[in-house]
Amino acid sequence: MALEVKVGSIYISGTSKAADANAYPGSGTPWTSQATTPIKIAIDSWFPKVAEPSWVFGGGPPFRNGQTPVTKTYPNVTEEIPVILKATTPQNAITLYQTLDREISTAQYSNPTPMQVRPVSASGTIVYFDVYSAHIQPDPKFLGSEAPVGSAHATMRCTMTLVRSPHGTSVLGTSSISALAGASFGNVGTGSPDDNAALSFAPTGDMLYEGTPMKILVTPVGVMTTLLVASVKSVTYGTSGSGAKTTSSTTGTSASTIGAAANLLGTKQGISGRVFFRLSNCTSNAQIRVEMTNGGSVRLFTGKWITPPSGVASLNDMGDIPLDYLRRAGDDGDNLNIYIGYKSTDGSSATATLDYTEYLEYYDYARVDGFTTSVNNPTIAVHSFRETTGLSCLPLASPVAYTRSSGGGLVYDPANLAGTAPRLFSGALLWVNWLKTGNVHDKTDTATVTATYAPLFRSVS
Amino acid sequence: MIPLSINIFERGAAGVPSTTPVINQQFLDLIESYTHTITDAFGFESMAVEGPATVKIALDWLTNGLMRSVIVYSPKAETIWEGFLSNITARFGQQEVSVSLDTTGNRVKVRYTTVLGTSGVTVTSSDTASQALYGVKDLVISTGETVAATAQSLRDKVLAERKNPVATNSGSAETGEQGDVRLTLTFAGWYATLDWVQTSRTSTTLTSTTTQVGDLIQTSGVGIGVTNAFLSTSRANISSSGITDTELIAADTSFRQKIEELLKKGNSSNQRLAWGVYENREFYVATWAGATPTTITYKQQSGDHNVYDAIGNPVAPWNVRPNAMRQVIDLIDPAPTSTAQDSADRSYVERVTCTIASDRIGVSFEPASTTAVDAMIARIG
């Protein structure tokens, strides 16, 4: 397969049969065009190295057979590319080598040099990688020796060694691809609009099932001080068990709420479960927690006691429901039965009034706070890939969250991000809820939500 | 991948943690290892991150970093550690520079004895500039026979030397590998700040020990928050001990000393207590898990790197907490005893250490530090 390779502004075509007409004459910039570049990859069979995953495994011998994968990441890739530099004279060949060397060395000075690769085709998708470091080792013993009789050109063979990003992307600058375009969200688990919507994911990239970074913009009508956002497989909403939960017990009691079909085997190995209780009111001496069974009376899980804000409507994040035991011990028919535990902190009557329950089967969940949206900066952004004109939209080392104006990307208030900035997965939905000052949850609020992504590739597209 | 969210905030006025995030968090993208410890008589105890850096990044942290606060969240947005930056060590090739709050003292007094055998104490002398940065950190110097003026002079000299964090530089000038630039940030849990301020109290009223603990963390009355408002004043997680003790506090007693003196007395059921400062800088007191040794919180099995809860769900290593009973389910107890706290397969967890590095992700458990009877008696005063 013939590849078109460009490093910075320099084309390196994929054929070793360089025409003498492309020999660098010592002037001009012939390397800026695929057709005229005097630099060639020396072997037709060169192909970008695919980033090899780095696994951390746990457990194993001598106690048992095999080891269990714990986590998977991708390190940088070191490429060795043999190239041929064609010039009319040995000195011009050296000048060409110096030009290429400078071009690939900008990472610490300005920006990482982009390396773009695609099969030679007018419609092929270009994949852009970042080059973090590079050097070229010339092999001068061939200088001037590879010239057909009567031909006025010199050849320098070199090995270009690059350390580049493990992934490339097909998107540059501000051209990320829409997954959700200006969708209206309600701050409530039911109705139209409600708090979740499907994300579109085409073209897909190689990280379809491992998570593709997104940029999520949420513009509420009104003020927001805390954003809850997740990429989910499904949302189960219900009002079962709603109403006032009153007790004087300091050890607590519980009441059933919603059930959800588990179906945890097969297609749901990678998801986690999370429960939210929306309370329409709560006394100051009440605490609540989440409990879970799978149909029996034994609690398979009880969460931590939390103290909801009193006297106001609140959406309470009850944390994760661990599903792994059911995965190992259960079958596809197991259900999850969610209970709300409630108690009094001081022995006097305490009431938590349950409005509804939401159960998320989710991939990533994040809470963003430490900000306030306002007239001047009405939008909160959760941003996981680079968006700089001229540069590829590769993932940021750490996602950022901030408020911004509706028209531009200026950062007004940096925000705190806890959890994992939601990534795009095949078939995922985006779930969004938010709180106002005083942790008040207003289910009549609405917001406009936009999500974009940059597909990632480990090699060519 | 394991995306921990390490959120660092600028130090607020008088060291009180702020909500202003540190904008320049480049170093956090470079860390190569993360470790934290949590204990049953401290709470969040220590946390350290380490990794390569540039000279510019390292110098910025050395200059501006101390007393910045941190909250670490798990990939599922749970708080797994919280504290403040107390030590910074930067290695520049063969040179090493460290700055630390450990030896700082910005409110000093000197105790002395006159030649006539009369004990005396100078008034305290403060450096308000240092206190505006880090909060109040008491230092009491005891000296031998002297006069008041000399003691005052000593006080002023010590204050001048110790009012700001001391930097220590070491290094060598040798041939061979010159080394690179690496940075280590070490954080302490907020419980450590209870040692910073000394107090005294003349009241001899008998009051519930845990009520006194709640009083000592308030921002009014006898509370440490009057001086350093670092901790939450919430009493919601302080379980009642059911026993009383004197409110008397001898001079030059730190808040930590008094709190531990009260809590080491246990509860009305003759059970030990566990305590510490945890999420949202709230103080927790609870009966120690060893009181019900058959209630297992964590389970393990040889050959399996996971820690499981009592039901069998895996617990992420960063979510493991002390004050828990741990059981290794494939170790046969030759003489199972239901009332024994510890057995071959079951033990109390006093401290946990979570480590995340390129080649290792896990948690280690430390049992009770001693079972000697005299030490146990000492724990209960």
Side-chain angles (χ1 to χ4, degrees), chain A residues 54 56-65 67-68 70-75 210-211 228 272 274 285 287 298-301 304-305 307 317 319-329 345 362 364-367 369-371 396-401 411 413-421, chain B residues 1-9 18-23 25-31 54 71-80 234-237 239-240 278-280 282 300-306 308-317 319 321 330 356-362:
Chain A
S54 172
V56 175
F57 288 91
F63 301 103
R64 64 176 176 94
N65 296 322
Q67 291 184 286
T68 305
V70 175
T71 185
K72 174 187 179 185
T73 45
Y74 295 92
E210 297 177 65
L228 311 175
S272 303
R274 202 170 192 102
N285 60 340
Q287 285 191 318
V298 173
R299 295 294 189 263
L300 295 180
F301 173 74
K304 292 180 187 175
W305 289 107
T307 306
D317 178 4
D320 259 34
I321 296 275
L323 304 175
D324 300 277
Y325 182 74
L326 284 179
R327 281 197 181 94
R328 293 189 296 151
T345 58
Y362 76 97
D364 295 324
Y365 168 79
R367 182 183 69 251
D369 56 22
F371 69 94
L396 296 172
S398 299
V400 291
V411 175
D413 289 329
N416 307 316
L417 189 150
T420 306
Chain B
M1 69 184 171
I2 301 173
L4 293 184
S5 305
I6 302 176
N7 289 12
I8 298 187
F9 305 91
S18 77
T19 56
T20 305
V22 170
I23 295 296
Q25 302 209 21
Q26 279 179 289
F27 173 62
L28 298 180
D29 291 343
L30 305 176
I31 63 171
T54 64
I71 304 177
V72 184
Y73 297 102
S74 73
K76 301 195 174 184
E78 304 136 323
T79 301
I80 62 171
S234 170
R235 300 175 188 253
N237 300 299
S239 300
S240 175
Y278 286 90
E279 291 90 331
N280 302 313
E282 292 184 1
Q300 283 184 275
Q301 184 159 14
S302 302
D304 188 340
H305 64 285
N306 284 312
Y308 298 92
D309 66 13
I311 296 295
N313 298 296
V315 179
N319 284 336
R321 296 285 174 95
D330 57 340
I356 302 173
S358 61
D359 59 346
R360 191 158 54 106
I361 301 164

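Numbered from 1 within each chain, the chains take letters A, B, ... in sequence-line order.
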Under 4.5 Å from any heavy atom of chain B - which part of A/Ser398 = both
For the student: nearest non-hydrogen atoms of A/Leu300 and B/Asn313, plus distance = O-ND2, 3.8 Å
ask   = Would A/Lys304 and B/Glu279 satisfy salt bridge (charged side-chain N to carboxylate O under 4.0 Å, His left out), going step by step from the backbone distance to the final call?
value = CA-CA 12 Å; A/Lys304 292 180 187 175; B/Glu279 291 90 331; 3.4 Å; yes
ask   = Around atom CZ of A/Arg299, are there more than 12 heavy atoms of other residues, nucleotides or ligands at under 6.0 Å?
value = yes
request  = Please name the pair of heavy atoms, one in A/Gly419 and one in B/Ser5, separated by the smallest distance, quoted to 0.1 Å.
outcome  = O-OG, 3.0 Å
ask   = A/Tyr365 and B/Lys76: which non-hydrogen atoms are nearest, and at how many Å?
value = CD2-O, 4.2 Å
query = Measuring heavy-atom distances to chain B, does A/Arg274 have an atom under 4.5 Å in its side chain, in its backbone, in both, or in neither?
reply = side chain
remark   = Heavy-atom nearest pair, A/Thr420 first then B/Pro75, reads OG1-O, 2.7 Å
inquiry  = Please find the pair of heavy atoms, one from A/Arg367 and one from B/Ala77, that lie closest to each other, and give the distance.
reply    = NH1-O, 3.4 Å
note = Taken to the nearest 0.5 Å, the spacing of B/Thr19 OG1 from A/Asp369 CG works out to 9.0 Å
Which portion of A/Tyr362 sits near chain B, non-hydrogen atoms under 4.5 angstrom = side chain
key: Per-residue contact mode, A/Asn416 against chain B (heavy atom under 4.5 angstrom)   = both
